[in-house]
Amino acid sequence: MAVAVEELHRPVVLEESTAKKVGRIAARGPLNVILIFVGLLWLLPTFALFVTSLMTPQDYNSFGWWKLLSEPSLATWQNYSNLWNDSDIPGALWTTLLITIGGTILPILIASLAGYAFAWLEFPGRDWLFILVIALLVVPLQMALIPIFKIYNTFGLFDTIAGIVLYHTAFALPFAIFLLRNFFLGIPKDVFESARIDGASELRIFFRLVLPLGLPAIASLAIFQFLWVWNDLLVALTFGREVQPITVAIFSNVRQFGNNIELIAPASFVSLAIPLAVFLAFQRYFTQGLLAGSVK
């Protein structure tokens with residue numbers, strides 16, 4: 001009797017029929033086809049660049065990159081071997097890595113501290129100072145090139161990795177502070193009150209609580225900044241002469257040799273592949289972090 005009563009109160013799970021599943025898939029079919037088409041269209045230039053990097057200049061000029069699809073025997077890795085033996089490209093990649101790491105870690109560290117202060121610390125003029133930070137978002141990067149160029153010449157920062165890193169840091173801070181401050185506001189206030197009751201200092205709260213809880217927003221910001229700094233040409237071209245990241249090195253080869261495709265193509269693909277791999281590896285943090293601070 002008890003078993004019968006239990007069977008009566010057990011919730012009934014209705015399995016979705018095959019017809020409904022097919023109908024749902026068919027309804028989403030056109031959207032999926034469009035998304036696949038857009039994805040393939042977006043990847044086509046990257047694929048064409050990779051194929052071009054595997055061809056000799058003679059084959060590329062005679063047939064075009066699509067010829068390799070019908071005759072794979074034309075492919076060669078000699079271009080990449082020559083690339084690593086080149087005197088400029090490996091050094092430019094190392095310089096780009098140093099600039100990108102510095103231009104990513106430094107603004108995130110400063111913005112994390114500032115975002116926590118604007119979100120949870122009381123100090124005179126906090127709201128007005130935050131409004132000033134938001135106002136700096138509208139200042140275009142190009143506006144400060146000439147004034148900063150003069151300052152760098154005065155203080156010996158021109159043509160240095162530190163000078164380029166500081167410039168990227170300065171223009172990354174307004175958006176980074178805005179994003180992290182909004183995210184930190186979503187952390188429950190009870191967490192901070194409990195930590196202060198236990199005697200934790202503000203720095204201890206920041207490093208032990210805020211940073212781990214803010215990891216999604218910090219990770220998304222790091223990806224965004226990494227891509228921006230890695231692909232920069234304007235700032236590096238303005239403030240560098242001997243210090244040349246990969247974008248400037250490729251630009252110099254295009255300007256000097258014009259048709260030096262056996263060097264330009266593999267260098268461009270390597271320059272593109274590294275940030276693309278970083279983005280694909282951490283894209284879920286990118287989306288999660290940007291959406292996390294949009295609501296409180």
Side-chain angles (χ1 to χ4, degrees), residues 96 99-155 157-187 206 210-211 214-240 245 247-248 251 275 278-279 282-283 285-296:
T96 305
I99 293 174
T100 304
I101 291 176
T104 301
I105 294 178
L106 187 59
I108 287 178
L109 179 60
I110 297 174
S112 299
L113 291 167
Y116 171 65
F118 282 123
W120 293 109
L121 298 183
E122 296 288 343
F123 56 89
R126 183 188 67 172
D127 295 337
W128 287 105
L129 187 58
F130 183 69
I131 292 175
L132 176 62
V133 171
I134 298 302
L136 292 175
L137 285 170
V138 304
V139 179
L141 180 146
Q142 295 84 352
M143 180 182 294
L145 288 175
I146 295 178
I148 297 298
F149 179 83
K150 294 180 179 179
I151 294 174
Y152 277 11
N153 276 332
T154 302
F155 291 96
L157 289 173
F158 177 75
D159 200 23
T160 63
I161 293 177
I164 300 175
V165 168
L166 289 176
Y167 195 91
H168 284 298
T169 299
F171 278 88
L173 282 176
F175 175 75
I177 294 173
F178 172 74
L179 176 68
L180 294 180
R181 182 257 187 186
N182 288 348
F183 185 87
F184 293 159
L185 280 175
I187 301 175
F206 175 77
V210 176
L211 286 186
L215 183 60
I218 293 173
S220 67
L221 181 62
I223 296 169
F224 184 86
Q225 183 67 7
F226 182 93
L227 297 176
W228 173 262
V229 177
W230 182 279
N231 294 316
D232 168 71
L233 173 63
L234 179 61
V235 175
L237 196 61
T238 304
F239 297 115
T247 52
V248 178
F251 171 77
V278 171
F279 178 79
F282 300 100
Q283 61 177 330
Y285 292 106
F286 185 79
T287 305
Q288 181 183 358
L290 288 181
L291 294 178
S294 60
V295 293
K296 183 177 179 181

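What's counted below: heavy atoms across the whole structure, side chains too, no hydrogens, waters or symmetry copies. Being a predicted model, the structure only gives us computed values, none of them experimental.
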A.B. asks: Test of understanding: with side-chain contact (heavy atoms from CB on, under 4.5 Å), list the residues that count as partners of Leu113, not counting sequence neighbours.
C.D. replies: Phe206

A.B. asks: Output a table of donor-acceptor pairs, distance under 3.5 Å, between side-chain atoms of residues 131-142 and any protein atom two or more places apart or on a different chain; print 'none' if there are none.
C.D. replies:
none

A.B. asks: To the nearest 0.5 Å, what is the distance between CD1 (Ile105) and OG1 (Thr100)?
C.D. replies: 10.5 Å

A.B. asks: Does a side-chain heavy-atom distance below 4.5 Å link Thr238 with Ile146?
C.D. replies: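 No. Closest side-chain heavy atoms not under 4.5 Å.
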
A.B. asks: Please round to the nearest 0.5 Å and tell me the distance separating atom CD1 of Ile110 and atom CD1 of Ile108.
C.D. replies: 11.0 Å

A.B. asks: Given the rule in the side chain to side chain contact (heavy atoms under 4.5 Å, CB included) test, do Leu166 and Leu106 qualify, once you have shown the distances and angles that lead to the verdict?
C.D. replies: CA-CA 9 Å; Leu166 289 176; Leu106 187 59; 4.2 Å; yes

A.B. asks: Looking at side-chain heavy atoms only, is the closest gap between Thr96 and Ile99 below 4.5 Å?
C.D. replies: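 No, every pair of side-chain atoms sits at 4.5 Å or beyond.
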
A.B. asks: Show the atom names and distances, to 0.1 Å, of all donor-acceptor pairs under 3.5 Å that link a side chain in residues 230-237 to residues at least two apart or in another chain.
C.D. replies:
residue : atom : partner : partner atom : Å
Trp230  : NE1  : Ser271  : O            : 2.8
Asn231  : ND2  : Leu227  : O            : 3.0
Asp232  : OD1  : Val235  : N            : 3.2
Asp232  : OD2  : Val235  : N            : 3.4
Asp232  : OD2  : Ala236  : N            : 3.0

A.B. asks: Using the ring pair (Phe, Tyr, Trp, His ring centres under 6.0 Å) criterion, which residues pair with Phe239? Sequence neighbours excluded.
C.D. replies: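 Here the qualifying residues are Tyr152, Tyr167.
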
A.B. asks: Return the minimal non-hydrogen interatomic distance between His168 and Gln225, and the atom names on each side.
C.D. replies: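 In this case the closest contact between His168 and Gln225 is O-NE2, 3.7 Å.
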
A.B. asks: For Phe118 versus Arg181, what's the shortest heavy-atom pair and its separation?
C.D. replies: CB-CG, 3.7 Å

A.B. asks: Once rounded to the nearest 0.5 Å, what's the spacing between atom CD1 of Ile164 and atom CZ of Phe158?
C.D. replies: 9.0 Å

A.B. asks: Between Ala117 and Phe123, what is the shortest heavy-atom contact and its length?
C.D. replies: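 Looking at all heavy atoms of both residues, the closest pair is O-CE2, 3.7 Å.
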
A.B. asks: Drop me the distance from Leu211's CG to Leu215's CG, to the nearest 0.5 angstrom.
C.D. replies: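 Between Leu211 CG and Leu215 CG, I get 9.0 Å after rounding to 0.5 Å.
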
A.B. asks: Could you walk me through whether Val210 and Ser112 satisfy the side chain to side chain contact (heavy atoms under 4.5 Å, CB included) test, starting with their C-alpha distance in whole Å, then the side-chain angles of each, then the deciding distance to 0.1 Å, before giving a yes or no?
C.D. replies: CA-CA 9 Å; Val210 176; Ser112 299; over 6 Å; no

A.B. asks: Test of understanding: with ring pair (Phe, Tyr, Trp, His ring centres under 6.0 Å), list the residues that count as partners of Phe184, not counting sequence neighbours.
C.D. replies: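 Phe184 satisfies ring pair (Phe, Tyr, Trp, His ring centres under 6.0 Å) with no residue once adjacent residues are dropped.
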
A.B. asks: So which atom in Trp120 and which in Ile187 form the shortest heavy-atom distance, rounded to 0.1 Å?
C.D. replies: CZ2-O, 3.1 Å

A.B. asks: With rounding to the nearest 0.5 Å, note down the distance linking CZ in Phe178 to CZ in Phe183.
C.D. replies: 14.0 Å

A.B. asks: If I take atom CZ from residue Phe175 and atom CG from residue Leu180, how far apart are they, to the nearest 0.5 angstrom?
C.D. replies: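 Atom-to-atom, Phe175:CZ and Leu180:CG are 9.0 Å apart.
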
A.B. asks: Tell me the closest heavy-atom pair linking Ala119 and Arg126, and the distance in Å.
C.D. replies: O-NH1, 4.0 Å

A.B. asks: Specify the closest pair of heavy atoms between Ala217 and Ser220, including all atoms of both residues, with the distance to one decimal.
C.D. replies: O-OG, 2.8 Å

A.B. asks: Return the set of residues passing side-chain contact (heavy atoms from CB on, under 4.5 Å) with Ala176 (not counting sequence neighbours), or none when no residue passes.
C.D. replies: Ala111, Leu221

